[in-house]
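Below: the structure, in structure tokens.
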Amino acid sequence: PPTLSTSEKAWHSIFASKKFSSLLTKSPTPKEEAKVVHRSPSHVSVNVMQENPPHQIDQTTLIELVKEKKLDRLQVFGGVNGVASNLGTDTQVGISGGADDVARLRNTFGSNTYNKPPTKGFFHFVIEALKEPAVMILLGCAALSLGFKIKAHGHKDSWYEVGSNFAAVFLPIVVSAISNYMQNRQFEELSRANNNSLVDVVRGGQRQQIPMLGVVVGDIVCLKMGDQVPADGLFLDGHSLQVDESSMTAETQHTEVNSSQNPFLLSWTKVAYGDARMLVTSVGMNTTWGQISRETNEQTPLQARLNKLSSSIAKVGLAVAFPVLVVLLVRYFTGHTKDEKGNREFSRSKTKTSDIINAIAGIATTAITTAAEGLSLVVTLILAYSVKKMVADQAMVRKLSACETMGSTTTICTDKTGTLTLNRMEVTKFWLGQESMEEGASSISPFVVDLIHQGVALNTTGSVYRASPGTEYEFSGSPTEKAILSWAVVELNMDMEKTKKCYAVLQVEAFNSQKKRSGVLIGRNDDDTVHVHWKGAAEMILALCSSYYDASGVEKDLDDDERTKFEQIIQGMAASSLRCIAFAHKQVPEGEYQNLKEQKKLKEDNLTLLGLVGIKDPCRPGVKKAVEDCQYAGVNIKMITGDNVFTARAIATECGILKPGQDLSSGAVVEGEEFRNYTPQERMEKVEKI
């Protein structure tokens with residue numbers, strides 16, 4: 001109606017209020033109905049029942065919840081969903097209020113930054129250098145020497161010789177202070193850049209990348225294998241998540257994180273296996289890491305060795321100097337020493353007191369000259385020069401002693417993807433059956449295209465976002481996932497959201513580096529059929545298949561001859577430096593599904609091969625020259641990768657690591673399984689050739 005009564009206005013305001021998590025209307029019982037006061041027809045009486053009233057969670061509670069891993073306390077708040085509700089976060093959409101909502105959460109719970117001590121000034125490093133035992137010993141010796149010289153020869157002549165001693169002590173102090181000050185400033189700038197790496201979050205229903213420092217309490221963060229957990233939080237959902245907490249607990253065994261027993265995630269730990277979404281509960285100094293982090297002032301190995309050497313030299317010097325001093329004094333006072341004219345220096349009746357003091361000063365000066373005042377100068381100048389050379393080569397050095405270690409390097413073991421290559425992947429080849437498909441989806445059976453859509457859209461840790469029709473697609477995930485998603489959307493006209501709505505994900509096996517594949521068990525919504533999809537390294541997936549589809553959708557047996565042809569196709573793509581990924585599918589009978597469900601396993605045999613894709617990851621510019629420079633300097637380069645052996649060999653040859661003619665037979669290329677089967681002695685014998 002155009003006008004509302006007072007009760008109706010109250011009803012509408014209750015629904016509009018954000019303070020209530022849920023409201024239900026409840027029918028009164030006969031007893032309650034008897035107690036109802038009947039109003040006139042212009043009024044409406046409504047019984048309102050609030051279900052699960054929200055708890056106001058403060059920052060201290062959130063910190064203790066994760067730090068002490070209080071599972072029972074979490075249940076009091078209604079689990080992870082209850083905590084999200086209290087923070088005003090939708091577990092699917094994330095923070096939906098835009099920049100204002102993010103700013104409010106940052107002001108309430110703090111920013112994801114860590115308090116650091118004030119920037120150290122130049123004089124701080126001067127004082128630090130003065131505190132070194134070797135420097136203090138040298139300064140003491142120089143001061144004593146100056147005092148004795150002034151007494152023996154007067155002010156004018158003493159400064160020249162002793163001044164050079166002071167210069168030899170202070171010069172390394174100044175050089176070291178300047179070098180450490182400059183390196184500290186550059187390292188702080190580098191640390192700021194590294195600490196601001198990008199993380200995947202869901203905000204307003206869109207998956208996006210933001211700097212780690214921009215994460216706030218209430219954010220939904222997407223984690224995958226290899227990611228660093230950016231803040232303390234709670235596990236929302238995911239698959240087979242295992243976290244490396246060694247940085248926090250020193251335990252090398254990975255910790256399993258799940259919603260039932262351990263939903264707690266700590267900042268600065270790393271995802272060792274699986275993928276997940278987490279709800280951020282504490283950031284910055286409020287995290288567990290923020291509360292225990294502190295700067296350490298341990299000596300570098302080189303500093304410790306230098307201090308030990310200086311102390312040893314001083315001890316040996318003093319051990320020698322003291323007997324020399326005693327002997328010279330005894331010789332002097334017993335009349336066994338003579339001056340330039342051949343007369344005895346000491347005569348009890350004739351020698352003046354001033355002459356005795358001058359003689360003792362000269363003897364003491366001789367003893368003190370055993371101090372190695374040049375040691376610090378030489379070492380500091382050499383290391384400072386090394387740092388300057390390394391900075392010119394764009395190698396950041398914070399501690400001077402690192403140069404000593406770098407100078408001893410004989411072998412560099414490097415990853416391939418993202419180090420030797422650009423990590424910008426693109427699908428350039430697609431094989432269906434034994435045909436190379438160049439025309440996209442138009443020449444392929446719709447049945448097969450639909451199966452590929454399922455395998456790509458549902459068996460992935462990536463996502464596709466499009467703001468509105470006509471705008472560009474945005475892909476997120478690992479470089480491999482983004483390349484496959486882009487290919488499926490652009491070339492095969494895949495609609496990821498539509499595909500997801502037609503199927504329910506029943507079980508997931510996340511990718512791992514041992515099996516080199518990931519799988520998903522799905523149920524079709526319209527006919528309740530169950531299907532399994534696998535995706536992974538082509539040679540691994542091919543080994544699980546007993547049949548394949550051709551472009552017309554006909555399923556054919558995969559006998560030994562056909563298998564050999566597929567292996568040749570894979571080797572051909574690998575020889576062209578392409579990473580080969582295969583897709584396989586199988587419909588699972590109802591009885592077999594129940595078995596797999598109990599065992600929590602996916603079907604891994606008698607699969608049907610859907611297709612092969614070749615992904616190109618170009619070599620990084622300048623890599624070949626860098627490899628040549630290392631080899632010329634006598635530093636060996638060894639490439640380690642999880643790729644197909646043929647792809648690895650092609651990339652290694654392109655980068656100059658592998659020479660023409662070197663292959664599996666020469667021992668230069670070895671697969672991991674073979675290397676692990678070597679005895680320790682065989683490894684030592686063959687490692688130089690690899």
Expected output: side-chain Arg106 to main-chain Gly214 donor-acceptor under 3.5 Å: yes
Let me know which of Leu234, Asp232, Leu241 forms a side chain to side chain contact (heavy atoms under 4.5 Å, CB included) with Leu265. Leu241
Counting only N and O atoms by type, is there a donor-acceptor contact under 3.5 Å from the side chain of Arg277 to the main-chain atoms of Thr91? yes
Check whether Asp617 reaches the backbone of Met425 with its side chain - one donor and one acceptor, N or O, closer than 3.5 Å. no
With sequence neighbours left out, what residues match Asn493 under side-chain contact (heavy atoms from CB on, under 4.5 Å)? Ala441
Would you call Phe583 and Val456 a side-chain contact if the rule is heavy atoms closer than 4.5 Å? yes
Do Ser518 and Asn459 have side-chain N/O donor and acceptor atoms under 3.5 Å apart? yes
What residues form a salt bridge (charged side-chain N to carboxylate O under 4.0 Å, His left out) with Arg524, not counting sequence neighbours? Asp526, Asp527
Flag side-chain contact, heavy atom, 4.5 Å: Lys535 against Ile541: no
Between Thr419 and Thr414: side-chain donor-acceptor atoms closer than 3.5 Å: no
So, does Thr89 use its side chain to make a donor-acceptor pair with the main chain of Gly218 at under 3.5 Å? yes
Please find the pair of heavy atoms, one from Leu65 and one from Leu74, that lie closest to each other, and give the distance. CD1-N, 3.7 Å
Salt-bridge test for Lys515 and Glu509: reply yes if a basic N is under 4.0 Å from a carboxylate O, no otherwise. yes
Are the side chains of Val66 and Leu266 in contact, using a 4.5 Å heavy-atom criterion? yes
Residues forming a salt bridge (charged side-chain N to carboxylate O under 4.0 Å, His left out) with Lys416, sequence neighbours excluded: Asp643
Please report the closest heavy-atom contact between Leu279 and Val80, naming both atoms and the distance. CD2-O, 4.0 Å
Salt bridge (charged side-chain N to carboxylate O under 4.0 Å, His left out) filter on Arg517, not counting sequence neighbours, yields Glu604
Does a side-chain heavy-atom distance below 4.5 Å link Leu87 with Val83? yes
Check whether the side chains of Thr460 and Glu481 place a donor and an acceptor atom closer than 3.5 Å, and report yes or no. yes
So does Leu544 get a backbone contact from the side chain of Asp605, meaning a donor-acceptor N/O pair under 3.5 Å? no
If only atom types and distance count, is the side chain of Thr287 paired as donor or acceptor with the main-chain N or O of Val283 below 3.5 Å? no
Quick one: ring pair (Phe, Tyr, Trp, His ring centres under 6.0 Å) partners of Tyr465, sequence neighbours excluded? none
Under 3.5 Å, is there a donor-acceptor pair between the side chain of Tyr593 and the main chain of Thr529? no
Salt bridge (charged side-chain N to carboxylate O under 4.0 Å, His left out) pairs, two or more places apart, involving residues 210-220: Arg203-Asp219
Among residues at least two apart in sequence or on other chains, which ones pass side-chain contact (heavy atoms from CB on, under 4.5 Å) with Ala538? Ile570, Cys580, Ala582, Leu612
Side-chain donor/acceptor of Arg620 to backbone N/O of Gly418, under 3.5 Å: yes
Answer yes or no: is there an ion pair linking Lys270 with Asp244, defined by an N-O contact shorter than 4.0 Å? no
Side-chain contact, heavy-atom cut-off 4.5 Å: Asn262 with Thr255? yes
Filter on ring pair (Phe, Tyr, Trp, His ring centres under 6.0 Å), then keep only pairs touching residues 488-539, sequence neighbours left out; what's left? His531-His585, His533-His585
Answer yes or no: is there a side-chain heavy-atom contact under 4.5 Å between Val199 and Val215? yes
Looking just at side-chain N and O atoms, do Ser111 and Thr113 make a donor-acceptor pair shorter than 3.5 Å? yes
Does Asp227 use its side chain to pair, donor to acceptor, with the backbone of Lys224 at less than 3.5 Å? yes
Among all residues two or more places apart in sequence or in another chain, which pass the side-chain contact (heavy atoms from CB on, under 4.5 Å) test with Gln59? Leu62, Ile63, Phe109, Ser282, Asn286
If you count heavy atoms of other groups shown closer than 6.0 angstrom to CD of Glu472, is the number above 12? no
Got a sec, which residues hit side-chain contact (heavy atoms from CB on, under 4.5 Å) with Asn258, two or more places apart in sequence or on another chain? Glu256, Ser260, Gln261
Taking side chain as C-beta onward, heavy atoms only, is Leu198 less than 4.5 Å from Met212? no
Please determine, by modelled atom types, if Thr461 and Asp275 share a side-chain donor-acceptor pair under 3.5 angstrom. no
What residue pairs, at least two apart or across chains, pass ring pair (Phe, Tyr, Trp, His ring centres under 6.0 Å) with a residue in residues 476-502? Phe430-Trp487
Got a sec, which residues hit salt bridge (charged side-chain N to carboxylate O under 4.0 Å, His left out) with Glu592, two or more places apart in sequence or on another chain? Lys603
Counting N and O atoms only, with roles assigned by atom type, does the side chain of Thr647 sit under 3.5 Å from a partner on the main chain of Leu578, one being a donor and the other an acceptor? yes
Under the side chain to side chain donor-acceptor pair (under 3.5 Å) criterion, do Glu474 and Gln206 qualify, and how do the steps go? CA-CA 10 Å; Glu474 295 178 23; Gln206 179 184 353; 3.2 Å; yes
